[in-house]
Number of protein chains: 2
Amino acid sequence: MLERHDLLFKTLGDPTRRAIFERLCREGEQTVAALTTHAGISQPAVSKHLGVLKQAGLVAGRDAGRQTHYSALPGSLAPLNDWTREMETFWERRFDDLEDLLKRMDQ
Amino acid sequence: MLERHDLLFKTLGDPTRRAIFERLCREGEQTVAALTTHAGISQPAVSKHLGVLKQAGLVAGRDAGRQTHYSALPGSLAPLNDWTREMETFWERRFDDLEDLLKRMDQ
DNA sequence: CACACTCATAACTCGCTGGTTATGGATCAT
DNA sequence: ATGATCCATAACCAGCGAGTTATGAGTGTG
C-alpha cells in the first residue's frame with residue numbers, strides 16, 4: 001500500500017529530480033533538451049526523471065513534433081501541504097492541551 | 001551542496017520513517033520500544049531511522065534512565081511549507097501573466 | 001529519399017540505504 | 001552482585017535506483 005504522500009516525498013526526495021521540477025515551476029514549459037543542458041546529467045537520465053515525475057502526477061508532457069514540452073502541474077503539491085498542516089495541527093492541539101493542563105493546575 | 005529541503009524530502013521519502021515521524025506527531029513522546037512494536041521492523045532498524053530523523057532536525061530524544069523518549073520537533077516542517085508555497089507562487093504569477101496577456105489581447 | 005535531430009527505452013553498472021543479527025554499555029530490579 | 005531490560009552501534013547483506021552507453025522510433029529538413 002504505497003500512499004500518495006509516500007510517492008510524492010519519494011519522488012521529490014532526489015535532489016536532481018527536485019531541481020528539474022523546481023526549474024519547471026520557475027521557468028514554465030521546457031523541452032527535454034533545455035532541461036538536459038542545465039541538469040548536468042545525460043539526456044536519458046533526464047527522461048527517466050521526467051517519467052518518475054509524470055508518474056507521481058507532478059508533471060505533464062505535451063508532444064510537439066519531435067520534441068516534448070514538459071510543465072509542472074499546478075495543484076500537484078496540495079497533498080504535501082495538507083499533510084504538513086495536519087502534522088502541525090497535532091502540535092497545536094498538544095500545545096492547547098498543555099495550556100489547559102497548566103490552567104487547571106493554576107486553580 | 002545538500003540543501004535543507006533535500007535533506008527533509010529525502011528523510012521523509014522512506015515510508016517506514018515517515019510513519020514513525022507521523023506517529024510521533026499524532027501520539028506525542030514515545031520510547032523506542034513503543035515505536036518498535038508498531039513499526040513492524042527490528043529495534044535496531046527503528047533506532048537507525050530515529051537517528052536519520054534526528055539528523056534532519058525533525059525529532060529529538062530525551063534520555064530517561066535506560067530508555068530514550070523521542071518526540072517530533074514543532075516547526076521542523078516549516079521549510080517544506082515555505083518551499084511548496086514558493087512553487088505555488090510561481091504558478092499564480094504565471095496565471096496572472098496569462099490573464100494580463102488575455103486582457104491585452106482583448107483590447 | 002536521405003540525413004539530422006529529439007526523445008524514449010533497453011541493458012547494464014554500481015553505490016547507497018534499509019533491513020538483518022550480534023553485541024555491548026547503561027540502567028533498573030531482585 | 002546478578003540478571004533482565006532498553007537502546008545504540010557494528011558488521012554484514014540484498015535490493016533499489018540513479019547514472020551510464022547504445023540504440024531505435026518518430027519527426028522535421030535538404
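Values in this document were obtained by computation on a predicted structure and should not be read as measured data. Quick note on labels: first sequence line is chain A, next is B, and so on, each numbered from 1.
- Within residues 22-39 of chain A, the residues that have a heavy atom under 4.0 Å from DNA chain C are, in order of number, A:Thr31, A:Val32, A:Ala33.
- The salt bridge (charged side-chain N to carboxylate O under 4.0 Å, His left out) check on B:Glu22 picks up B:Arg18, B:Arg26, with sequence neighbours excluded.
- Reading DNA chain C from its 5' end, the first and the last nucleotide to sit under 4.0 Å from a heavy atom of chain A are C:dA4 to C:dT9.
- Looking at residues two or more places apart in sequence or on another chain, you find a side-chain hydrogen bond (donor to acceptor under 3.5 Å, both in side chains) between B:Asn81 and A:Thr84, A:Glu88.
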Starting at the 5' end of nucleotides 14-23 of chain D, put B wherever the base has a protein heavy atom under 4.0 Å, S where only the sugar-phosphate does, and a dash everywhere else.
-> ---SBBBBB-
How does protein reach along nucleotides 25-30 of chain D, written 5' to 3' as B (base within reach of a heavy atom under 4.0 Å), S (only sugar-phosphate), or - (no contact)?
-> -BBS--
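- Here the straight-line distance linking atom CD of B:Gln30 with atom CD1 of B:Ile20 works out to 11.0 Å at 0.5 Å rounding.
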Could you walk me through whether B:Val32 and B:Ser47 pass the side-chain contact (heavy atoms from CB on, under 4.5 Å) test, one step at a time?
-> CA-CA 7 Å; B:Val32 176; B:Ser47 275; 4.1 Å; yes
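- Contact between B:Tyr70 and B:Leu24 at its shortest, heavy atoms only, is O-CD2, 3.4 Å.
- Phosphate proximity of D:dA8 to B:Tyr70: present, with a side-chain N or O under 4.0 Å from OP1 or OP2.
- Under a hydrophobic clustering in which Ile, Leu, Val, Met, Phe, Trp and Tyr are joined whenever their side-chain heavy atoms come within less than 4.5 Å, directly or via other members, A:Phe90 and B:Leu80 fall into the same cluster.
- Scored by the side-chain hydrogen bond (donor to acceptor under 3.5 Å, both in side chains) test, B:Gln55 finds no partners at all (sequence neighbours excluded).
- Rounded to the nearest 0.5 Å, atoms CG (B:Leu50) and CD (B:Gln43) are 9.5 Å apart.
- Listed by chain and number, the residues in a side-chain hydrogen bond (donor to acceptor under 3.5 Å, both in side chains) with B:Thr36 amount to none (sequence neighbours excluded).
- Residues passing the salt bridge (charged side-chain N to carboxylate O under 4.0 Å, His left out) test with A:Glu29 are A:Arg62, sequence neighbours excluded.
- In this view, B:Gln67 satisfies the side-chain hydrogen bond (donor to acceptor under 3.5 Å, both in side chains) rule with no residue, not counting sequence neighbours.
- One axis for each end of the helix from C:dC1-D:dG30 to C:dT30-D:dA1, each built from five base pairs, and the angle between them comes to 20° at 10° resolution.
- At distances below 3.5 Å, not a single donor-acceptor pair connects side-chain atoms of A:Arg17 with backbone N or O atoms of A:Leu53.
- The two residues B:Trp91 and A:Ala72 have their closest heavy-atom pair at NE1-CB, 3.9 Å.
- Atom CH2 of B:Trp83 is separated from atom CD of B:Glu3 by 11.0 Å, given to the nearest 0.5 angstrom.
- Under the salt bridge (charged side-chain N to carboxylate O under 4.0 Å, His left out) criterion, no residue pair touches residues 44-61 of chain B, with sequence neighbours excluded.
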